[in-house]
Amino acid sequence: MDSNSGGNITASVSESQASPQLQIDIPSLSQMVLRLGADGLKRIQMSGVDLHTIGCLVALGEVTPASATFRKKLLACRRDQRSRRWFLNAVLEYGSGTNTVVDQLLTTRAGENVLALLVAVTSVLDDMTIDVVMGIFELLHVPYRSIPGISQIENVRSSCLPLARATDFKDRVARTHEMILRDAFVSKRPFDHRDALPDSATMAKLIVELKTRCLEPTQFERCRIVYYGLTGAAWCVEYSKDVLGLDVCLIQEDGTVCPVSGTFETASVIVLPAQEPGVELTQRVAHVIDICISSDGIEIQKEINWLVSCEGSGVDFFQLCCGWDLMDRKEIGNLIYSISKEYVEYRIYLGHTENSEQTIPYYATFIEDILENLRRILQLLGLPSEPIFQTDWRQRNFDQLEGPAFRLKLELFSKMAFASISSHCGNNCDCALGCLPLRPVELAEDPSFCVRYKLQDAIISTAHRASFLAFTDWAEECRMMAIATERGHEHKFFRAVFSRYSGKMAATMIQGLSGVLGLSNEDFGIELANVLTGSGKALQRLGIPKRKFIGADLDGVLLINYRAVESSLRPGPIFMIRGGQFLLAGERREVVQEVPFHINQVPHENMRAAMFGMAINGDVMTLKPVNGYPHIINSPAVEASVAKGAINLNLTAQLAEHHCIQARVGDILKQLSVLRVTTPCCHPVDTPLSTQVEYLNNTLGLGEPWLRDEEGNFWVTPSSPEPFYIDPARLETKESIYIRNENPTFIYCLATAANPLAQWLAVANSNCVPGRYLCVLQRDCCLACAASQAKSWMASTIAEPLRRICIIPLIESSR
């Protein structure tokens, strides 16, 4: 038997039998056009898939069978998907409810067949899907005029991807690969998701040969397929058994016959994962017309966009990470929760712990909800519920070695036996540091990997993933995760959290530039893309200004800015995560972005200081929180348009009868990450603040009065949810105000009390204030104490004399 790197196939059947000619059914295609009508044809065209392509796929479905069980499963998944259809501000559709291409394929048996084939390929492969489909057409000797182009196959893959991920085929492949590693070899091998898939050429040949076996007219005379090697064995087993409904038998390294479905006598596919091509088979396996297939997998790319489901019917994700089915996970669950909890706190507090008597970060106001979400996520990943936070996890569970290295310590290790052989995992392996190799009690034989190193890597990686997802609604809807991610990031972050620093924050952190552990669109989005798709480059490839995107389609996984859906400051996730696509009037785009445009806003020079809630007594005024924007009550108006590479979305609110204001939704995440919230004080929230009227037009260029309180702070209440624009150079002039008060604090007090939409607008637009400033939400605290708390926090973080505070009153307290 001849073999090569692309996967060798030898068969005694004739080429005409194995490669029937495909022909597009023109009459059926014409009937489909009439049935769809103008509206249906338009929807298919906007999906990017040509009618000729659908005809080619249906023709392919005539010779690529699928079992009735799997086709019923596809129908059930599609029915469930149709309910997953949502609208952003009643304009932009997102989700997987609308999918004209898939619905059209499901109308015929041939369409169901080819859809089953596409599901088996697209659910585990990325760009290699194109190579596989092209390879199938070429092996079937289809004329070039009847083969869809590369762009068409890419569009077909995008259309079928949501349905492919909704099925459990991808999860079955992962579970089967883990089973093969556990049972087919004498010693347990480490889990590598790339070994589960054959290379693209072998996958195409395997599909064609399995098709031939299914279409054999006589069941008893059909030949069997013998598949050699570990690479691709799991996919071969599941495609044969689950999609085609064939009987499959697995032969272990020691020769034990293990039927996966049916019996050895009825098996159409025999898999020998521990054998190399060309080995001598027993007489009961070999047959003169058996077809032998193998895959070296050298064409497999390093990045495979393979998502698995982390729920009841999905996979045990932590088992895949650590390499074996660890039974006692309590100690490890407590450790992972302790690390991930500190990850969460690190991001919320921008790297340090603060004085609780000062203002607190916005996300710290509902940190218990975030931690509850974190515990639920860890449970979905396969860890025990109700974990315990251990403050001494550093000393208890790690030895810090020279340099950046760490060594894991667990009581669980004392319950393991010592392995009789050494494992080689590189320089970072604990065995290379003098530690004896271990064997878990769950494994009957010594593993071929270092248990300590594998478990430490799984702990750090799982904590890193869960801490990012805790700021999303992943546990509510999506529950899919990349089976592997780009390595290195989680270890770098772990070192930062392990040596968590204290002291004054850098000035750049106050402005939201807190680095990769922050919560900005750019940093958080890239890391979340890495967790969800296996590569942070998925977001970078979209070529968008990352701080401005409202929604991003990461190859079928949607990131949606929650504040574009919830136009208030109520607690909620940073991103909503959904499967599917973005559609506007039926057209799909990968990016939803905010594009500024000219609107009739209130000119800054005509802004008048709004004395809402002020009682005037001579030159003395009292100020208290009120709702000064009665026109801003309804949901913001939405304007959307389809551009070449994105959907442009803009939200505006009516400020006055003839004026409106644009909501900078793309900036709100950056603002929320540095937003401060007051802690409760002993005074009623509406306690009036007594101030003295002062006209500062000579200094600031404004003809409106500012209000000076007893602490020397200068207050103004703008007539817009945007603070005034003031040139910093004017504030630095040596005019009377600067001489009287060498260290002034300017406070913009917005009249947003009892107005959630105005509060949302104020935070979204607070970036328009130039220079250094602090945005504070006044909650359960009077104005005087709010200013005092803000100044106290600023004194511990900013050393420069010029300060600005923007106070945004929340809905009045009920007390």
Side-chain angles (χ1 to χ4, degrees), residues 42-43 45-48 85-100 155 158-159 520-522 524-526 528-529 538-568 574-601 632 634-655 659-672 721-722 757 760-761 763-768:
K42 180 181 178 182
R43 289 198 300 267
Q45 181 183 12
M46 288 190 296
S47 69
R85 182 187 184 198
W86 303 276
F87 286 89
L88 181 63
N89 297 299
V91 174
L92 174 67
E93 179 183 349
Y94 63 94
S96 53
T98 299
N99 198 326
T100 307
N155 293 335
S158 298
S159 298
S520 66
N521 260 24
E522 181 177 11
F524 190 72
I526 289 176
L528 198 58
L539 185 63
Q540 295 174 325
R541 283 196 295 261
L542 297 181
I544 57 177
K546 303 174 185 63
R547 287 192 177 91
K548 295 293 184 182
F549 79 87
I550 297 176
D553 182 352
L554 307 177
D555 199 21
V557 179
L558 306 181
L559 289 186
I560 305 168
N561 190 328
Y562 177 72
R563 296 301 160 183
V565 179
E566 176 59 52
S567 52
S568 74
I574 290 178
F575 282 113
M576 297 166 53
I577 302 177
R578 299 289 184 272
Q581 55 193 357
F582 293 114
L583 296 172
L584 180 62
E587 294 197 48
R588 178 184 179 182
R589 294 293 186 272
E590 293 182 323
V591 179
V592 180
Q593 64 182 5
E594 177 187 42
V595 179
F597 63 99
H598 177 73
I599 59 177
N600 188 20
Q601 289 183 299
I632 307 179
N634 299 319
S635 298
V638 180
E639 294 187 13
S641 61
V642 179
K644 182 179 179 180
I647 296 175
N648 295 335
L649 196 67
N650 284 281
L651 285 72
T652 58
Q654 194 71 24
L655 181 61
H659 300 285
C660 61
I661 184 173
Q662 182 181 3
R664 298 179 177 87
V665 182
D667 287 331
I668 193 169
L669 178 56
K670 180 177 65 175
Q671 305 306 326
L672 288 175
E722 293 182 300
L757 181 56
W760 174 75
L761 284 168
V763 174
N765 296 337
S766 61
N767 192 43
C768 67

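Side chains included, hydrogens not; waters and symmetry mates left out as well; all remaining heavy atoms used.
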(request) Would you mind telling me which of R664, Q671, Q662 makes a side-chain hydrogen bond (donor to acceptor under 3.5 Å, both in side chains) with N765? (result) R664

Side chains of residues 641-649: which donor-acceptor partners sit under 3.5 Å, not counting sequence neighbours?
| residue | atom | partner | partner atom | Å |
| --- | --- | --- | --- | --- |
| N648 | OD1 | Q593 | NE2 | 3.3 |

(request) Report the distance from atom CD1 of I661 to atom CG of L651, rounding to the nearest 0.5 Å. (result) 12.5 Å

(message) Once rounded to the nearest 0.5 Å, what's the spacing between atom CG of L669 and atom CD1 of I574?
(response) 5.5 Å

(message) Go through it in stages, so that I can follow the logic: the residues are V638 and N650, the test is side-chain contact (heavy atoms from CB on, under 4.5 Å), and I'd like the CA-CA distance, side-chain angles, deciding distance and then a yes or no.
(response) CA-CA 6 Å; V638 180; N650 284 281; over 6 Å; no

(message) Using a 3.5 Å distance criterion without hydrogens, assess whether the side chain of N561 forms a donor-acceptor pair with backbone atoms of F549.
(response) no

(request) Would you please name every residue forming a salt bridge (Lys or Arg N to Asp or Glu O under 4.0 Å) with R563, sequence neighbours left out? (result) none

(message) Checking E587 now: which residues fulfil side chain to side chain donor-acceptor pair (under 3.5 Å) with it, not counting sequence neighbours?
(response) R589

(request) Give, for atom OG of S96 and atom CH2 of W86, the distance between the pair rounded to the nearest 0.5 Å. (result) 6.0 Å

(request) With rounding to the nearest 0.5 Å, note down the distance linking CG in L558 to CD in E590. (result) 10.5 Å

(message) Distance check, rounded to the nearest 0.5 Å: L92 atom CG versus I550 atom CD1?
(response) 9.0 Å

(message) Would you compute the distance between atom OG1 of T652 and atom CG of L761 and round it to the nearest 0.5 angstrom?
(response) 9.5 Å

(request) Look at the aromatic rings of F582 and Y94 and report parallel, tilted or perpendicular, splitting at 30° and 60°. (result) tilted

(message) Can you give me the closest heavy-atom contact between S158 and R588, atom names plus distance?
(response) CB-NH1, 3.1 Å

(request) Flag the pair D553 / V591 as yes when at least one side-chain heavy-atom distance between them is below 4.5 Å, and no otherwise. (result) no

(request) Taking the side chain as every heavy atom from C-beta outward, state whether S47 and N155 have any pair of such atoms under 4.5 Å apart. (result) no

(message) Keeping E594 on the side-chain end and V665 on the backbone end, is there a donor-acceptor pair under 3.5 Å?
(response) yes

